[in-house]
Amino acid sequence: MALIRCDFYSEALEMGTSMTVILPGGDAADPPPVVYLLHGLTDDDTAWTRFSSAERYAEELGLAVVMPQVHRSFYANEAYGMRFWDFLSAELPELVGRFFRVSGRREDTFVAGLSMGGYGAIKWALREPERFAAAATLSGALDLAYIQEHDLRPHIRSLVARVFADRIVAGGDEDLMHLIRTSDPSSLPRLMLRCGSDDHLVAQNRRFVAACSTAGVALDAAFEPGEHTWDYWDRQLPAVLEWLVKKRG
């Protein structure tokens with residue numbers, strides 16, 4: 001395996017940025033499948049390799065893993081900031097295909113993330129279902145409309161104001177509940193959800209499970225003992241990666 005910190009200029013962000021990439025070794029004839037692995041609100045593109053054994057798990061499955069840097073953006077085009085959604089959904093896959101030898105086939109392309117990254121992973125999968133074979137969220141901040149309206153903590157209020165300003169999340173394309181309600185279940189990638197039963201975001205995850213059930217969207221969901229910690233995420237990650245790639249071919 002190779003672990004690469006890739007520094008590059010982003011046209012969408014109009015600045016230099018970074019991604020961390022895990023690439024399998026060997027001389028396989030076909031390029032490897034790729035997982036876009038998204039970080040949480042307080043992390044960066046190095047977090048998965050610093051705090052979990054992502055590199056070892058990827059090696060066992062022959063996976064390439066792309067971990068982009070998006071700061072505290074909720075993977076959105078910020079009202080007072082930069083176009084992180086455009087960077088993630090349009091520019092990043094094109095750069096990855098140009099810089100690295102990875103598969104570009106839908107059946108070989110996956111996305112997952114934790115916390116804010118869990119939200120980003122599911123949003124990307126629901127808004128561009130033709131890109132991914134499967135998507136997974138770990139302890140996701142999945143009800144952003146609720147956060148915008150009801151989370152009154154000062155640091156969250158300032159964050160939501162910077163990212164969304166006067167844009168209302170509820171009922172729009174940043175609202176996962178709305179995206180689930182308006183999606184064609186037959187067009188969606190396979191979806192997985194894992195959340196600790198002691199996680200402070202567990203109620204949001206249960207609401208997402210209920211929304212999927214109401215909309216007839218298949219979701220592999222499970223709640224096990226655990227909190228909003230790397231101990232829980234690292235324990236879950238091997239099974240998540242294996243689940244993502246299990247139906248390839």
Side-chain angles (χ1 to χ4, degrees), residues 6 12 19-24 31-41 43-45 47-49 52 54 57-58 61-70 73-77 84-97 99-100 102-142 144 173-174 176 179-180 183 185 187-195 205 208 212 217-221 233 236-248:
C6 179
M19 59 178 150
T20 299
V21 181
I22 299 169
L23 293 175
V34 59
V35 175
Y36 290 87
L37 194 56
L38 308 185
H39 69 74
L41 183 67
D43 297 323
D44 61 17
D45 61 296
W48 281 105
T49 53
S52 81
Y57 305 148
L61 295 169
L63 280 172
V65 182
V66 174
M67 295 157 279
Q69 167 85 277
V70 302
S73 67
F74 274 96
Y75 298 85
N77 287 340
F84 282 102
W85 171 252
D86 293 347
F87 165 71
L88 178 76
S89 64
E91 186 177 23
L92 180 67
E94 191 274 330
L95 289 174
V96 168
F99 291 167
F100 308 109
V102 299
S103 177
R105 303 189 307 166
R106 181 185 191 245
E107 57 264 38
D108 292 335
T109 305
F110 313 94
V111 62
L114 66 84
S115 195
M116 181 187 77
Y119 163 80
I122 298 300
K123 179 170 71 171
W124 198 2
L126 296 181
R127 288 173 64 171
E128 297 191 339
E130 72 283 354
R131 185 185 295 276
F132 300 104
T137 171
L138 287 165
S139 309
L142 301 182
L144 196 54
D173 59 11
E174 307 288 353
L176 300 189
L179 293 176
I180 280 292
S183 291
S187 72
L188 296 180
R190 292 181 295 114
L191 300 177
M192 178 192 223
L193 180 150
R194 294 293 183 269
C195 186
N205 281 260
F208 185 76
C212 288
V217 173
L219 175 67
D220 183 328
W233 300 322
Q236 294 292 326
L237 186 57
V240 168
L241 294 177
E242 185 175 356
W243 181 89
L244 287 172
V245 304
K246 70 179 182 180
K247 291 186 178 179
R248 289 178 58 234

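Two residues are said to be in side-chain contact when any heavy atoms from C-beta on lie closer than 4.5 Å; Met192 and Thr137 fail this criterion. When side chains are defined from C-beta on, Tyr36 counts as touching Pro93, because their heavy atoms get closer than 4.5 Å. Contact check for Phe99 versus Met19: side-chain heavy atoms found under the 4.5 Å cut-off. In this structure, Asn77 and Asp86 have side chains that are in contact, with non-hydrogen atoms separated by less than 4.5 Å. Residues Leu114 and Asp43 have side chains in contact (heavy-atom distance under 4.5 Å, counting atoms from C-beta outward). By the 4.5 Å heavy-atom criterion applied to side chains, Val65 and Tyr57 are not counted as neighbours. You'll find the side chain of Leu237 reaches within 4.5 Å of the side chain of Trp48, heavy atoms only. Residues Trp124 and Tyr75 fail the side-chain proximity criterion, which asks for heavy atoms closer than 4.5 Å.
Nearest heavy-atom pair, Ser103 versus Thr109, reported as atom, atom and distance to 0.1 Å: O-OG1, 4.1 Å. In terms of heavy atoms, Pro189 sits closest to Ala134 at CB-N, 3.7 Å. Considering every non-hydrogen atom in both Leu219 and Cys212, the closest pair reads CD2-SG, 3.9 Å. The minimum heavy-atom distance between Val70 and Met116, with the atom names listed, is CG2-CE, 4.0 Å. Summarising the geometry of Pro68 relative to Leu88, their closest heavy-atom pair is CG-CD1, 4.3 Å, with the distance given to 0.1 Å. Of all non-hydrogen atoms in Ala125 and Phe132, the two that sit nearest each other are CA-CD1, 4.0 Å.
One finds the CG atom of Leu191 at 6.5 Å from the CH2 atom of Trp243 (value rounded to the nearest 0.5 Å). Leu193 CG to Ile122 CD1: the interatomic distance, rounded to the nearest 0.5 Å, is 7.0 Å. Here Asp44 contributes atom CG and Met67 contributes atom CE; the two are 11.0 Å apart, rounded to the nearest 0.5 Å. Atom-to-atom distance recorded for Leu176:CG and Lys123:NZ is 8.0 Å, nearest 0.5 angstrom. Taken to the nearest 0.5 Å, the NE2 atom of His39 stands 11.0 Å off from the OG atom of Ser115.
For the pair Arg131 (side chain) and Ser89 (backbone), a donor-acceptor distance under 3.5 Å is present. Remark: the backbone N or O of Gly140 is paired with a side-chain donor or acceptor of Asn205 at under 3.5 angstrom.
Side-chain polar atoms of Tyr119 and Glu174 form a donor-acceptor pair below 3.5 angstrom.
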>> Working note: Ser73 + Phe87, criterion side-chain contact (heavy atoms from CB on, under 4.5 Å); need CA distance, chi angles, decisive distance, verdict.
In response: CA-CA 11 Å; Ser73 67; Phe87 165 71; over 6 Å; no
> Leu188 and Leu126: side-chain contact (heavy atoms from CB on, under 4.5 Å), yes or no, with the steps?
Replying inline: CA-CA 7 Å; Leu188 296 180; Leu126 296 181; 3.9 Å; yes
> Is there a side-chain contact (heavy atoms from CB on, under 4.5 Å) between Ser52 and Trp233 once you walk through the steps?
Replying inline: CA-CA 8 Å; Ser52 81; Trp233 300 322; over 6 Å; no
>> Working note: Val102 + Val96, criterion side-chain contact (heavy atoms from CB on, under 4.5 Å); need CA distance, chi angles, decisive distance, verdict.
In response: CA-CA 8 Å; Val102 299; Val96 168; 3.8 Å; yes
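Separation of the Phe74 and Trp85 ring centroids does not fall under the 6.0 Å cut-off.
Residues forming a side-chain hydrogen bond (donor to acceptor under 3.5 Å, both in side chains) with Asp45 (at least two apart in sequence, or on another chain): Arg5, Thr20, Gln69.
Other residues, nucleotides and ligands place no more than 12 heavy atoms under 6.0 Å from the CD atom of Glu242.
Asp220 and Arg190 are not joined by a salt bridge, as no carboxylate oxygen comes within less than 4.0 angstrom of a charged side-chain nitrogen.
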